[in-house]
*Asks:* 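Following this message is one structure expressed as structure tokens.
Hydrogens, waters and symmetry mates play no part in the numbers below; they use all other heavy atoms, side chains included.
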Number of protein chains: 2
Amino acid sequence: MAQTIALTRSPKDVEKLAEQFKALGDGTRLSLMMAVAAGENAEACVCDLTPETGLAQSTVSHHLRLLVEAGLLTRTQRGKWAFYALTKDAQKLLK
Amino acid sequence: MAQTIALTRSPKDVEKLAEQFKALGDGTRLSLMMAVAAGENAEACVCDLTPETGLAQSTVSHHLRLLVEAGLLTRTQRGKWAFYALTKDAQKLLK
DNA sequence: ATCTTACATTGACATTGTTCGATATGACGA
DNA sequence: TCGTCATATCGAACAATGTCAATGTAAGAT
């Protein structure tokens, strides 16, 4: 049998899923996610990600915050650097 | 080995994927997709979908058009009715 | 202590998106 | 042909989003 779609999701789950899709529904953010996944140890810091996008550092920081709030990235501070990595949810949605 | 993320996607594919995520990144549209998937023969017409959303018919029609344009729904006219069904892409993203 | 580096936050602005009412289109029935 | 039903399109109001420059914060270096 082919893959089936989960039809019975609670309204809360639907809202969370919609938020995650919305977070991924932007070219810049999707590229950021793929850059993080491609990074060493599947993580990356803002200083690595900013040049790739060609956008202002504040803009990149803003997008990363949205991705964390959506439950798609984790943030870990190590020294001066903030490292971002994909969550399980993100791995599932992007596989 | 755990599921891996496709890291090497062309910019065109990234843009298309982002468009699909964006289309799903709205509570109303995501609910519409699930309602279609739950419909008899995994399809549904606007007359069935409109009451479920509580929105104006024109609004539902607009959202359905966006989902078709994103490659997530197909549209088939049968008599007076327009039937919408999930594409392969949609089944993959929602499974 | 001061400076620099890495990142986050704020405020402003232009763009895009959601929604509706009104109207148009197109198929079927009387 | 005329009316009705199902759906699509249009135009406008209003909300949400993406972006930047400027500024704030916090950690390490000098």
*Asks:* For chain B and DNA chain D, what are the first and last nucleotides along the strand, 5' to 3', with at least one atom under 4.0 angstrom from a heavy atom of the protein chain?
*Replies:* dC5(D) to dT9(D)
*Asks:* Please name all residues satisfying salt bridge (charged side-chain N to carboxylate O under 4.0 Å, His left out) with Lys80(A), sequence neighbours left out, ordered by chain then number.
*Replies:* none
*Asks:* Nearest 0.5 Å please: distance from the CG atom of Leu55(B) over to the NE2 atom of His63(B).
*Replies:*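 If I round to the nearest 0.5 Å, the distance is 6.0 Å.
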*Asks:* Are any side-chain N or O atoms of Ser61(B) and backbone N or O atoms of Gln57(B), one a donor and one an acceptor, separated by less than 3.5 Å?
*Replies:* no
*Asks:* Identify, with sequence neighbours excluded, every residue that meets side-chain hydrogen bond (donor to acceptor under 3.5 Å, both in side chains) alongside His62(B).
*Replies:* none
*Asks:* Find the distance between CE (Met33(B)) and OH (Tyr84(B)) and round it off to the nearest 0.5 Å.
*Replies:*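 Met33(B) atom CE to Tyr84(B) atom OH measures 12.5 Å (nearest 0.5 Å).
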*Asks:* Checking Phe21(A) now: which residues fulfil ring-ring contact (aromatic ring centres under 6.0 Å, His included) with it, not counting sequence neighbours?
*Replies:* Phe21(B)
*Asks:* Return the set of residues passing side-chain hydrogen bond (donor to acceptor under 3.5 Å, both in side chains) with Asp48(B) (not counting sequence neighbours), or none when no residue passes.
*Replies:* none
*Asks:* Considering only nitrogen or oxygen atoms on both sides, find all protein atoms under 3.5 Å from nucleotides 1-9 of chain C and state each distance.
*Replies:*
| residue | atom | partner | partner atom | Å |
| --- | --- | --- | --- | --- |
| dA6(C) | O3' | Lys80(A) | O | 3.4 |
| dC7(C) | OP1 | Val46(A) | N | 3.4 |
| dC7(C) | OP1 | Ala82(A) | N | 3.2 |
| dC7(C) | OP2 | Cys47(A) | N | 2.7 |
| dC7(C) | O3' | Arg75(A) | NH1 | 3.4 |
| dA8(C) | OP1 | Arg75(A) | NH1 | 2.6 |
| dA8(C) | OP1 | Tyr84(A) | OH | 2.5 |
| dA8(C) | OP2 | Ser61(A) | OG | 2.5 |
| dA8(C) | O5' | Ser61(A) | OG | 3.3 |
| dA8(C) | N7 | Gln57(A) | NE2 | 2.9 |
| dA8(C) | N6 | Gln57(A) | OE1 | 3.3 |
| dT9(C) | OP2 | Arg65(A) | NE | 3.4 |

*Asks:* List for me each residue that meets side-chain hydrogen bond (donor to acceptor under 3.5 Å, both in side chains) alongside Gln20(B), sequence neighbours excluded, and say none if there are none.
*Replies:*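 With neighbours one apart ignored, the set is Asp89(B).
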*Asks:* By a strict heavy-atom criterion of less than 4.0 Å, which residues belonging to residues 13-21 of chain B are in contact with DNA chain D?
*Replies:* none
*Asks:* Could you identify which residues of residues 23-31 of chain A place a heavy atom less than 4.0 Å from some atom of DNA chain D, listed by residue number, or say none?
*Replies:* Asp26(A), Thr28(A), Arg29(A)
*Asks:* In residues 68-75 of chain B, what donor-acceptor pairs under 3.5 Å come from side-chain atoms, sequence neighbours left out?
*Replies:*
| residue | atom | partner | partner atom | Å |
| --- | --- | --- | --- | --- |
| Glu69(B) | OE2 | Arg65(B) | NH1 | 3.2 |
| Thr74(B) | OG1 | Ala85(B) | O | 3.4 |
| Arg75(B) | NH2 | Gln77(B) | OE1 | 2.3 |

*Asks:* Pairs in or reaching into residues 26-37 of chain B: which pass salt bridge (charged side-chain N to carboxylate O under 4.0 Å, His left out), with residues at least two apart or in two chains?
*Replies:*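 Pairs touching residues 26-37 of chain B that pass the test: none.
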*Asks:* Going by the rule side-chain hydrogen bond (donor to acceptor under 3.5 Å, both in side chains), which residues pair with Glu43(A) if we only count those two or more places apart in sequence or in a different chain?
*Replies:* Arg78(A)
